[in-house]
Amino acid sequence: PNYTIFLNCSQLNLLYTSLGILFIFKYFNFASHSITVIFQKLSIPVHPITLKLMLPVGISFYTFQTLSYVLDVYKGRIKAELHFGKYAAFVTFFPQLVAGPIERTENLLQQIREKHEFDYDQATYGMKLMAWGFFKKLVIADNLAVYVDRIYNDVYSYKGFSFVVSTIFFAFQIYCDFSGYSDIASGTARLFGINLMTNFNSPYFSATIKEFWSRWHISLSTWFRDYIYIPLGGSRKGTLRQYANLMITFLISGAWHGASWNYFIWGGVHGSLQIAENVFRIKTDRERKHNMTWFLSVTGVFVVVCICWILFRAENIREAFYIITHALDGISDTKQYILNGYWDLQLSKEMVIKIFLSLVILLVCDYVSLKENVIDRLSRMPIKCRWGIYYGIIILIIFWGRFGSSQFVYFQF
């Protein structure tokens, strides 16, 4: 009994220590500034306390990974790992260390404990997955980033169609940037015989916001479900409690992304949308027929998600509000509205073709993956056909890719 009490106390101390480190590095300055503003509004003179600390890369990811381990051990779901080297490998497994997926103990740690030998099929699958990740990152995300940054880094110099296009571009930029990293990480892990969890599953083909979150950043959304939403009571304690739990979970999810009111509001909007879907009994049905109704639902969800991305990408709430309220300026003259946006973005015809074709490839692959694994399907094709596709992807990466231009978006989190 004494050992059990000691073990539980040690686990709780590790839990509080992990959360404390995350708070100091990521949220201390934000909390200090917010408190200072409140006191100043009350005419109480206060000097803000700020810490000039460099944010460790990937701190939000490996902190949550260690928290899941501590909580699972504390709840008795798994046994504590007594081998420090194996535990350290679980926390610092290099392919997914800085931007996920946020792995669970029962999946990654269990595989680290096992003996691995080189597996040709696993390795080739991993290399194909890495190639697809590099295509999404270098060809799509980094090319789109140029135009997104041009508009969002100088918001007040633009209006109209340029906001619409740059926001759509950002939706695909952040998706291809983050899912590209996840594919590269999972592919690299496969070379070592490690299978990481799927982090994205065609999120822009979601017919509801709830379905979107079951397809987007799956490792994080399931983490919040298992360690925040369900422990709060989930849907077991009545409708109002369920809605409150949903909102709390999404507000925390927004806060996880950054110490800014933009992220809180972004999380709150997504929580509100899920509550609204529950109120109006809009059900997620992944097996529904892909007819016009489904297509319109997918389009509507994509538009709503894009509007929410404005809050995510804008520097502050004021800029986000400016973009939303000026996105349709001049739309009465449709031709000039589109031309002005084209000129603002400074898009060349060659780049329009490049972006269009690369997005078509992405959307076709994502649509096919709704029914089956694209890489497995490629592997069943005739050898000339599949190798033609492999070489085609490599050629596109070499000639269309934008190299050395930007880091991964989620490194900042």
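Throughout, numbering of the chain's residues begins at 1 and tracks the sequence.
- The number of heavy-atom neighbours closer than 6.0 Å to OH of Tyr156, taken from other residues, nucleotides and ligands shown, is above 12.
- No donor-acceptor pair closer than 3.5 Å links the side chain of Asp72 to the backbone N or O of Arg77.
- Using cut-offs of 30° and 60° on the angle between ring planes, the pair Trp216 and Tyr204 is tilted.
- In this structure, Glu103 contributes its side chain and Met197 its backbone to a donor-acceptor pair below 3.5 Å.
- The environment of CE in Met127 is sparse: at most 12 heavy-atom neighbours from other residues, nucleotides or ligands sit within 6.0 Å.
- Under the rule for a ring-ring contact (aromatic ring centres under 6.0 Å, His included), Phe169 has no partner lying at least two apart in sequence or in another chain.
- Under 3.5 Å, the side chains of Thr198 and Asn201 contain no donor-acceptor pair of N or O atoms.
- Using a 30° and 60° split on the angle between ring planes, Tyr152 and Phe170 fall in the tilted class, from 30° to 60°.
- A donor-acceptor pair shorter than 3.5 Å can be found between the side chains of Gln122 and Asn195.
- By the 6.0 Å contact criterion, CZ on Phe295 is open, its count of non-hydrogen atoms from other residues, nucleotides or ligands being 12 or less.
- Arg377 CZ: 12 or fewer foreign heavy atoms inside a 6.0 Å radius.
- If you look at Tyr69 and Tyr87, their ring centroids are closer than 6.0 Å.
- For the atom pair CG (Asn245) and CG (Leu232), the distance works out to 4.5 Å, reported to the nearest 0.5 Å.
- Ring planes of Phe94 and Phe192: perpendicular class, angle over 60° (limits at 30 and 60°).
- Classified by interplanar angle (parallel below 30°, tilted 30° to 60°, perpendicular above 60°), the ring pair His217/His257 is perpendicular.
- Aromatic pair Tyr158/Tyr322: ring centres not closer than 6.0 Å.
- In summary, Asp149 and Arg313 engage in a salt bridge, as defined by a charged side-chain N under 4.0 Å from a carboxylate O.
- Distance CG/Leu362 to SG/Cys176: 4.5 Å, rounded to 0.5 Å.
- The main-chain N or O of Asp183 is never found under 3.5 Å from a side-chain atom of Ser186 such that the two would form a donor-acceptor pair.
- Judged by distance alone, with hydrogens and angles left aside, the side-chain atoms of His83 form no donor-acceptor pair with the main-chain N or O of Arg113 at under 3.5 Å.
- Ring geometry for Trp387 against Tyr390 counts as perpendicular: the plane angle is over 60°, on a 0 to 90° scale with 30° as the lower cut.
- Asp344 places no side-chain N or O within 3.5 Å of a backbone atom of Ile151 that could act as its donor or acceptor partner.
- Of the inter-residue distances, the one linking Ile230 atom CD1 with Thr222 atom OG1 reads 10.0 Å to the nearest 0.5 angstrom.
- Centroid-to-centroid, the aromatic rings of Phe250 and Tyr229 stay 6.0 Å apart or farther.
- Contact check for Leu67 versus Tyr227: no side-chain heavy atoms found under the 4.5 Å cut-off.
- The backbone N or O of Trp213 lies less than 3.5 Å from a partner atom in the side chain of Ser221, making a donor-acceptor pair.
- In this structure, Trp261 contributes its side chain and Ile317 its backbone to no donor-acceptor pair below 3.5 Å.
- Between Trp266 and His270, the angle of the ring planes goes over 60°, which puts this pair in the perpendicular group of the 30/60° scheme.
- Taking a 6.0 Å sphere around NZ of Lys159, one finds it holds 12 or fewer heavy atoms contributed by other residues, nucleotides or ligands.
- Taking the charged nitrogens against the carboxylate oxygens, Glu350 and Lys354 have no contact shorter than 4.0 Å, which rules out a salt bridge.
- The pair Lys86-Glu81 does not count as a salt bridge, with every side-chain nitrogen at least 4.0 angstrom from each carboxylate oxygen.
- Between the side chains of Gln274 and Asn278, no donor N or O sits under 3.5 Å from an acceptor N or O.
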